[in-house]
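Side chains are part of it too, since the values below use all heavy atoms of this structure and drop only hydrogens, waters and symmetry mates.
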Amino acid sequence: MKTCSTLLGVLSCWYILTSKMVQSDSGTSTKGRIDHCNKTVDIYEDITSPEVTSSNFGKPLYCSYRFRSFKGTPKDYILRIRFKKFKFGVLVNGTYCQGGFMQILDHAGKGNAATITSKKEVPGSYCGEIEQPQTFLSETSSVRVIFQTNNFTDQTYYSFDSRAEQETQVYLRYGQHPELYPNRRGLLNPGSYCDRTFKECRLQTCYVQSPAYPGVYPRNLKCNYWLNTKNPFIRLYIQNEEFNVDGQRCENIITCPMRPITSGAEYCPYDYIKIYDGKNASSPEIGTFCGMGKFPHSIVGTSEDLFVEFVTSTAGPLLNTGFHFNVGNMPGHMQTAGEKNGTCNWILSSEHLSRDHHTEGIFMSIAHWYPPHTSCTYHLLGLPNQVVRVYFPSFRVNSIESPVTSDWTGDCGESLTLYDAAEPDDTKIIKTFCDTFSKPAEKHDFISTGNSMFIRFESKTGSYSGSSLYYWAHYDFFNNTKFGTAIPDTACDEEFVSWKPSSGYFRSPVNTLVYKRQGTATDPDAKSQPIICRYKFTTDVRLFARIVLRIESIKFKDHNYRTPIEKDNDCWYSERDKLLVWEPEEIDAGFGLNRTVINQSNTHNGLCLFNNVNKTGTTTGPPDPHAAEIKFVSSGNSLNVELNLNPQHAALSYFKYDVPLFEARYEFVHGPLCGPSVIQPVDQGELVFPRFDAMGFVEPPKTLECIWEIRVREDRDLWLHFNQVNFVSDDCQDGRLEVYLPSRSVDYPFMSACGHNATALKDLPLLTSKDVEEISEKSSPAAGGTESQRHNNNRSRRRRRQPQRYVHVRFVGNAYPHKAQFKIAWSELSHLPRNPDGTPRTARRTSDADDECAFLCPGDERLCLPIRAVCNGVVNCPGVPNDESPATCDRWDHGSASSTDSSGRGAPAAVALFAAITAAIVVFGAALFVASTYCRHRRQLLRSGRPAASGRRAMATGGRSTDRIYSTDY
């Protein structure tokens, strides 16, 4: 009995001692021991809140749980805690927990050296209620969970379990193949829980995540992320994951809607991420973001760096899961060659391109973020003689998808405007693109008229990820040198006038953009119209009477035309590249003028050239004796030159082709000292140089070139003789006279004389009617030349005029030309008619004024004169004796007297009457000629449009050159 009493006493002491120990460990009643409150729990163990009893109801409750690993737990593991039920306290005003809270301490170390989640003395707290299980995924392997309330009731409960997972198996956090990218989540800064640094991020190598992702993030945090990429325009974006930063924050779970993603500090007072465009918080702030849903846009920085802050409030619900961003670059970044002023204002000049050895520059639409009311400009600046071209190989117009502000509701929230000026000018807008209504303009050239173009991008809304107008712009500069005066509203037409430089050089357009322009000024994109550049030469007859054109080279490329050259029968209307030269007529017949081919040869109707000519006098193809420099002399005071190119080949062949398609020189000649340039047919005439009535109002020129055209009637011979010839010196370079015949070779003058051989002018032979007549096409050298020439000398679509008859006399003076003197006299002689049997008919002495062959020349009886030209004081018959010899006149007067007496009239009376009539006719003709010349000049100045061509004829050049000269009718 005594033994039993002793045993009972020992058991009683053990029970009392054990009860006290348990109570001391749990801080609650005996029931707390059953619910395992305040202990270290095993992984995979289910934990629930203590059961509510009468002893703990309404009393304070404090429960703390540590998690203990077990044998076989992976070395690098993290803890996944799943809260199945949670209702603890109430979140009041979104700032603190009332009635109870939970804290999670995720240690970054062990023991006393641990760095917990919060950088503050008080850890953050969770409170409120959940409807669905929520997960916390630790950053370390050491976690402690604390529950504390001042009023424990049946409305305060929790339930959770845990398990250990190896880091490499948590794909949502570490991604696929984490062993290849050990720093994918960045380098954790020493002594920090969540501050991380990312270096040279590229696609899928950097994950910017909230702590505990993809679980609920901790409270009372401030995490810093330093992001860096190798290239500019760093991009922060969410690929497929959901963004949830403070997406739900409410006091009642039943009425707790999701908050959409918003930006702005005023909308995100609790939990948020703040992004800076740079390396730290002193950089420009891009935006502050919070809410829940699909993050709608990328954040693109202006450089290689972004700085991100993640801040959570002290208290909050156990609901929000944070974020997972990827880091990359915007593709296609190009370094712009220019000078940058401010954030996005550029000066892009041709000098910048030349310095970097580039021919084209590139600038792109803004690919990074920018605030509302942003304005970015590009000033494209060329040299004084250049124009600017801008084109867009790629251009897309999108709606504004990521605006910084949504306050703008009108049209054209973003726009791109091109100005034909050096600064914004609404009167010089080339084009405006707008995000709401514009169509893209890919591969269309926008060209300035001067050396500047100003481009301005404006955004009223701002953007986080770049412009809604996506464009890739190329720009370059083109030499737009003009050798004459540019004609307004034309691409390449020029005008040359004699009151500006009287001679000069011109060529095909230096600006090869012309060859890309197809069609007309009203329809520049027409594909079927030839590319045409016109050069108009005009002189004032008071200054000069003729234009001399020298074509030095023609260099067209070979193309596969539809019509072979041997079948191309009309150069003027051919599809080939060609150079046209013609003289406008007084009455403009439009472009359908009477044209014919002259491919380096003599012809009647203008020049149409498509064979190449170079300055050395050679052409492509077979040898051509007429392939030297081509010279065209106008007969009047106007001349037109036209470059006509096939539109199918022009852009491909000649765009950015620096070789001139043709080169030429011009000179205005035949000044007032020369007198009239064209003398109409007369029985006898004379020309005196210099014209002394012009000496009073003309300054003596340093050089002078005169070209006279003496016209001859049909079937008349011409006796041309020079009198009183005085040159300045014996040197032919100082002055020379030349005579050209249309029937002779175009390479050399028929006669040339200067100071040392002036007497040769006295031996000039009689010029027959065949000598002074143009060579017809059938007998022209071109028509009977090489096969290539025969192919190139084609027929005109219109009837040609009859061959003309004339003689050209050319005077060139290079040293005091006004001091040279000479007189040119000429007479037209008829041929003696023949009898039906072919024998010459005997001239009949008669007083019939209409008889053109009333007098046989004594020196050559094959020639005859009309009665009005005999013994009139002017020698008209060559040789000795002549029509003015005393013996001849005595016989002629005696015969005339007998004839007159028999008719009852005296010879003196007839001669006097004839002289009076002749004088009246001469005076009237002179007045009519002056009036006609003046009217013709006025019509030429007032005409517009394309003139029709008059007839053409050819003559050789001066001196001993091998140039060919072409002249036309007056």
Side-chain angles (χ1 to χ4, degrees), residues 387 445 447 449 478 480-496 506-538 549 551 553-557 559 561-563 568 570-585 588-599 605-612 632 638-657 659-664 666 796-797 943-949:
V387 294
D445 290 340
I447 303 170
T449 57
F478 289 83
N480 197 43
T481 298
K482 301 289 186 181
F483 301 93
T485 301
I487 297 178
D489 301 324
T490 63
C492 53
D493 294 0
E494 300 179 42
E495 185 177 23
F496 301 83
F506 73 104
R507 51 158 287 181
S508 58
V510 180
N511 180 7
T512 58
L513 277 171
V514 168
Y515 305 134
K516 290 190 67 179
R517 295 184 175 183
Q518 298 175 338
T520 63
T522 57
D523 187 11
D525 293 324
K527 302 298 182 183
S528 60
Q529 298 295 326
I531 294 174
I532 295 175
C533 295
R534 298 187 179 97
Y535 306 86
K536 180 181 179 182
F537 297 85
T538 304
L549 177 69
I551 302 173
S553 68
I554 298 175
K555 297 179 181 178
F556 294 130
K557 290 187 176 182
H559 300 132
Y561 296 107
R562 291 173 296 180
T563 305
D568 200 348
D570 197 334
C571 172
W572 295 93
Y573 300 94
S574 169
E575 63 178 347
R576 301 180 183 281
D577 298 339
K578 50 188 173 288
L579 185 69
L580 310 177
V581 182
W582 79 94
E583 247 184 303
E585 290 182 352
D588 185 6
F591 190 73
L593 46 85
N594 183 18
R595 296 173 160 182
T596 186
V597 65
I598 308 179
N599 197 56
N605 290 332
L607 289 172
C608 178
L609 309 167
F610 58 76
N611 265 5
N612 288 353
F632 188 99
S638 295
L639 184 67
N640 291 339
V641 178
E642 179 183 295
L643 177 66
N644 190 300
L645 302 178
N646 188 309
Q648 302 299 323
H649 308 286
L652 183 62
S653 297
Y654 303 129
F655 178 60
K656 291 193 174 181
Y657 180 65
V659 177
L661 303 190
F662 78 88
E663 293 180 279
Y666 68 92
S796 172
R797 289 187 178 180
R943 74 176 183 275
S944 60
R946 188 170 197 159

Please report the shortest heavy-atom distance between [X] and [Y], naming the atom on each side.
X: H559; Y: S653; answer: NE2-OG, 2.8 Å
X: C533; Y: P509; answer: SG-CG, 3.5 Å
X: A664; Y: L549; answer: CB-CD1, 4.1 Å

Spacing of [atom1] belonging to [X] relative to [atom2] belonging to [Y], to within rounding of 0.5 Å:
X: E663; Y: I551; atom1: CD; atom2: CD1; result: 12.0 Å
X: D493; Y: K482; atom1: CG; atom2: NZ; result: 8.0 Å
X: Y654; Y: L643; atom1: OH; atom2: CG; result: 8.5 Å
X: C608; Y: N611; atom1: SG; atom2: CG; result: 10.5 Å
X: L609; Y: L579; atom1: CG; atom2: CG; result: 5.5 Å
X: S638; Y: W582; atom1: OG; atom2: CH2; result: 11.5 Å

Is the closest side-chain heavy-atom distance between [X] and [Y] below 4.5 Å?
X: F496; Y: L639; answer: no
X: Y666; Y: V641; answer: no
X: L661; Y: L645; answer: yes

Next item on the list: Tell me whether the centres of the aromatic rings in Y515 and F655 are closer together than 6.0 Å.
Entry: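 No, they do not, as the ring centres are separated by 6.0 Å or more.
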In chain order, what residues pass the side chain to side chain donor-acceptor pair (under 3.5 Å) check against [X], with sequence neighbours excluded?
X: T485; result: K500
X: K555; result: none
X: R576; result: D568
X: T512; result: none

Next item on the list: Apply the test side-chain contact (heavy atoms from CB on, under 4.5 Å) to residues K578 and W572: give CA-CA distance (whole Å), side-chain angles for both, the deciding distance (0.1 Å), then the verdict.
Entry: CA-CA 8 Å; K578 50 188 173 288; W572 295 93; 5.8 Å; no
Next item on the list: Not counting sequence neighbours, which residues clear ring-ring contact (aromatic ring centres under 6.0 Å, His included) with F662? List them please.
Entry: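 So F662 forms a ring-ring contact (aromatic ring centres under 6.0 Å, His included) with F506, Y535.
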Item checked: side chain to side chain contact (heavy atoms under 4.5 Å, CB included) against N646, all qualifying residues, sequence neighbours excluded ->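 Y561, E575, D577, Q648, H649.
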